[in-house]
Structure formats: structure tokens, C-alpha cells
Amino acid sequence: MENLIALLIAAPLLGAAVLLAGGRRLDRVGHWIGTLLSAASFVFGLILFADLLGKNAEHRTLTQHLWTWIPVGGFQADVTFRLDQLSMTFVLLITGVGSLIHLYSVGYMEHDERRRRFFGYLNLFLAAMLLLVLADNYLLLYVGWEGVGLASYLLIGFWQHKPSAATAAKKAFLVNRVGDMGLSIAIMLMFTTFGSFAFGPVLGHTGDTSEGKLTAIGLMLLLAACGKSAQVPLQSWLGDAMEGPTPVSALIHAATMVTAGVYLIVRSGAIFNAAPDAQLAVTVVGAVTLLFGAIVGCAKDDIKKALAGSTMSQIGYMVLAAGLGPIGYVFAIMHLVTHGFFKAGLFLGAGSVMHGMNDEVDMRRYGGLRKYMPVTFITFGLGYLAIIGFPGLSGFFSKDKIIEAAFAKGGTEGWILGGAALLGAAITAFYMTRVMLMTFFGEERWRNQPTRSPEAPSAEPAAETRGEHTEPHPHESPKVMTIPMIVLAVGSVFGGAFFSIGDRFLNWLEPVTGHSEGDSPLSAATVTGATMVCLVIGVAIAWAQYGRKPVPAVAPRGSLLTRAARRDLLQDDFNHVVLVRGGEHLTRSLVYVDHTLVDGVVNGTAAGFGGMSGRLRRLQNGFVRSYAVSMFGGAALLVAATLLMRAV
Amino acid sequence: MNPVNYLYLAALLFTIGATGVLIRRNAIVVFMCIELMLNACNLAFVTFSRMHGNLDGQIIAFFTMVVAAAEVVVGLAIIVSLFRTRHSASVDDASLMKL
């Protein structure tokens, strides 16, 4: 059974190789090859899952050693895969949701002439992500980690003819590199501390290592997670990543990429458990990001960017839970899985709306679409109910557990973190209701819109004749797109209940991550009640603002906070002022120091010697007698010195 | 006679030779002064040899004579050819080796 593990990765990798190397003759069938191989990987995953379920909880770890990658003295890097309950969960999520997104893309990318290449990249993405979660040591994990970065770069910049997409891809790659540095430093620290970077030796020996070192490793891992999972302060790439085709956004946000950071933290749980300071940093990052993303999501009019803000916020919940230690690990992963369902569904729904609306993304030009796109409306609506935590749906179970766990942290921290999580739940309800109302309810604002840019009336006739900005004709998407949405909607509805009833998910993951209840100052029912109150408040405010009154087609100026949130809470301005300008000043001052000080010393030495030899040259006057004098003087000096030495 | 007196003589001769080398311009005279210094050295060697009762100094004196003879051959040839080209035996006139 172990031998199947390599096949999990091999199938999509083969797909990527065939599709990218196969050339144009595969253009007609390429998308089905990619989808089939992705589905094959899912089937292998299911077989392995059935195998694991048939074993006792203690024996649910399979390892497959392929070959020794780098054997250099004490430095031993193996290509070994490890399939345990944690990796299994991820494998099913990645391949399952990934396959659905593949299927959806068949329809969504139908008119794109580079569709074959798109599927090649999608398969590469899955292969890299599977390698990441199946690796048995941090170095192999790093390979997958970088592969995910590469695939995300290729996919975000897939429409590379758009400069904005090319820039967004570069931005995602560069911001991710910052996080990658954290991971590589963490791996080096592990090697110097433990003499190994395989999971077994590293995670098994955290007890006999100084807390300082573990804190350093933990903080570096957190930096890595921040980069991949778009957590503050490395969150700025996520919004721009919406430049990629919508299935890519779904893939990045639900199944791959952003979940990698949560995986890394949960997988390295033993390190964080032994380093409370690093753990505290994780919770702070999670809490800050969940509010940050939620606030950004409230202000965006671009449907995909609003969803991106929501992803950032939901991943913030997971990171927060992962930072709580054994109280939260299981719930972080549970929320990750349920989020995988509903966020993929929401993104695919958004893609379906865009598909029917001439690729319009501005929600102020939507409205009343529920009549025209019933399937999209229902699936998107179920995803919406799931994400805000409507009782009985997925998000209700998983998010509620995280909020409870945050309170169970205890002390002042518990109150602050729990409060932040509750506030986040209210804001989530607000912005998701806003998205829902602006898209599917209200007036049909897409009718009679003259042009995309009302402030430039001169462009109007040209735009009309090109037919680009004429009135869209909203229509339901083809079956190949709606079926994945329906499947995901079913997952969004029943996933949480399925996992929670009888603590199925908890019992499944506990052997890997461990679990403790913590002691909450509030009863579970109180927390649930508070969450419900927050939910109702959020929905009510959104209804009052966007449901009762018509939505203006041009965004009002808004308050200071709204305007800041529209600019992603000034994240880019901050990066520009602090990092770009700061970097420029730093390099400029370094260049100045180099030119004046370093070059000054070198040039000064050279000039000094030059001037001195110019003066010494005068001694060379050609007169034999003056040479004789210097010889005589020298000889006399030598004799005098000899005599002096002898006298002493 | 006290051998130290020979050393005084050698020192005197050497001083005269050195002074001549430093202050005279005529190449022939400079040359003769060099010979004078060499011979002053020879005298000192021989005297020391006598004083210490071994022959090392005398052997070195022979070496000096051989070297001096060779040097005379080369030196005189240079002086003669110098005189031929510039009709002067002044060492200050031959100051071309400078920048």
C-alpha cells in the first residue's frame, strides 16, 4: 500500500510534464488529460484513505522511502514520503477540490487558446502541493514549498499579456520569497540544533533543546507561513493575485498554497508547543490578519477581491487556532477543510457570475442576478451561509470551535483573542452579506450602463461600437462548471456536521496533532450564543446598508476607514514607504559610504604612494657622485649600527 | 712595530680614497681613489691576519686584487669609450640615467 503514495504525486506531475512538453497536438485533449490525472490522484488518495481507516489509530502512518537524495556525511536528505492522518486530510482536500476545479476550468477556460498550458500548470500546482504535504523531512517539504511558489507565479501571471497580471505574479513571487527565506533559515537552524531535518528526529527531540533555539525556529517557520498563507505582514500579494483566472484563485485559496502555512505550523506543532513565545506570535499574527482581511473585504467592490479579503481573514482564524497549541490544531485543520469547500465554491460561483457578465468584476454593476443564474445563486448562497457560520452548515461548526478554543486559551490573552475572533465573525457576516446582496439581489444595475468610465465621456462611442461595454446578458454557466459548484456546495453544507458529530474529525487527527480541551471561562453554549448574536448583527447592518437601500452604481467616497480599506488598509503604501523607499535610502547611503569611505581609503593609499614615489624619484638625479654619497652614508650607518649593537 | 699603526694607515688611506670618490669629477681620479680604497682594505686585511695569526685575511687580500684587476679592465674600457664619445672625463657629464 505504501507504494501508492508516490503515485499520488506522480500522476499530476506526469500530467504537467505531458501537457507542457506535448505541444500543440495535445491542445484538443489536454484539458481532459489534466483533469483525469488529477482525478486519478484523488482515487489513489481514496484507496489510501480506506487503507488507513482499516488500521488502528496508532498504525495509521505509512512511509515510503524512494531514494537517498543528498548523502553527505551527517547531512542526510532522503526522498521519503510520510502519509499520516494530517497528510491524508490534506491529500484528499487537495486532490478532491483540485479535481473539481480542474473540471470547472474545462468550461471556464474553453475560449482560451492556451488552455492546455493552463492545465499543465494546474497539475504542476497539485503535484507541488502534494509533495509539500507528503514530505517526511523539511528539505523535501521545501522543494514542494518552492514548487507551489513557482506554480502560483505561473498561474497568477497566466494572462501575461496584461501588465497588471505580470506584475501581480511577480509581486506574489517576491513576497513569497521573503517567507521562503524564513523556511530556509528554519531548516538550517534545525540542522545545527538537531543534526537532522527529518520530522521524526526534529519533532521528537524538542524536549531536550533550549527554548531560545526553538523560539527562533518557530518564529522563522511563522515567517514562512506568513508568506505562503498571506498573513500580516506578508499579506500584500493575495489581493493582487486575483489577476489570475478565477479557477486559479479558487485553487490558491481553497486547496493549495495558502493552506501550506497552516500545514507547516500544525506539522511543526511540537516545536511551537515547546516555545510559548513563538506560539504567542502565531496567535497575534492570526488575530491581526483575521481582522485585517475582514476589514479589507468589507470595502472592496471587486467581487474577487472581497473574497480574497475573506480568505485572508479565514486563514487568520486557522493560524490563530494553530497558535493556540493542542487546543486548536485539530480545529485549525477542520476549518481549513470546511473552508476549502465553501471558499472554492464561492470562487467558482464568482467565476460563474463573471462568465455570464462579460468578465465584469465590479459588484456595483451586478444586482438581481438570482433570476438569471439560479444554480450559481443557490450554490453561492449555500457557500455564503457556510462561511458566515449559519447554524448547521460547515462554517458554523469549525469557526465556532476556533472561537471557543481562543477563549479556552485562558487569561487576558484568551479574552483578547476570543474577542477578536468574535468581532471577526461579525465582520465576516457583514461583508459576505454585502457580497451576496450586491450580486444577487436588488436592482439590475448592469442594465443601461453607458460606459465603464463615466468620467471619460469621449471614450463612449468607441466603446459602444466595439461592443465591449454593452449590456451583458447574464446566463447560467454550462454543466461542466455548475456540477463542481454543486458538489462543493454539498460539502459546504454537510462537511462541518459530518466532521463534528461524534467528534469524528477530532478522533481522526488527534494521534498526530494531540488535543487538549483547555479551560474556557465561558461555556460552549455561551460562545455559540455570542457568535450567533455577532452573526445577526453583521447581517443586519449589511441588510440595512445594502439590502434596504439601493446600492449606488458609483462607489460613494466613504469614511476614512473605508477609503483606507479600499486601498487594502494602505498595505502597499506601507510597503512602498517603509520597504521600497527605505531600501532605496539604504542602498543610496551604502553607495555613498562605498564611494567616499571604501573608495577613499583605496584611492587615498594609491595617491599617497604615488605622491611619495614622485618625490623619491627626485633622488634619481643621474650624478654618480650623489649615488656614491648615499652608498657611503648607508655603509657608514651600517657600521655605526653594528658598533652600537656590539656596544650594547 | 705595533701593527695597530698599519690599521691607522689603512683607515687614513680609505678616508682619502672615499673623499676623492665623493668630491672629484675626473673619472680617472675617481677610479684611482677607488683603487686606493681597495688597497686600504687589503692593508687592513693583511694587518688583521698578522695580528690574529691566521691566513684568512691574506687570502681575501688576493681575492681583492683579482677582483680589482678585473674591475680595472672593465672600468678603464668604459672611461675610454666615454671619453671618446663626449671628449670629457667628467663623471658629472655622464648623468643620463635619470628621469
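Just so it is clear: chains get the letters A, B, ... in the order the sequence lines come, proteins before strands, and each one is counted from 1.
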* Take atom CE of A:Met181 as the centre, draw a 6.0 Å sphere, and report whether it contains more than 12 heavy atoms from other residues, nucleotides or ligands. => no
* With a cut-off of 6.0 Å (strictly less than), are more than 12 heavy atoms of other residues, nucleotides or ligands near OH of A:Tyr627? -> yes
* So which residues of residues 58-80 of chain B are in contact with chain A at a heavy-atom cut-off of under 4.5 Å? -> none
* Asked: Quick check: are there more than 12 heavy atoms from other residues, nucleotides or ligands sitting under 6.0 Å from CZ of A:Phe574?
  -> no
* Got a sec: does the CZ of A:Phe173 have more than 12 other heavy atoms crowding it under 6.0 Å? -> yes
* **A:Phe623 portion near chain B, given a 4.5 angstrom heavy-atom threshold** => both
* Close contacts, residues 15-48 of chain B versus chain A, judged by heavy atoms under 4.5 Å -> B:Ala18, B:Val21, B:Leu22, B:Ile23, B:Arg24, B:Arg25
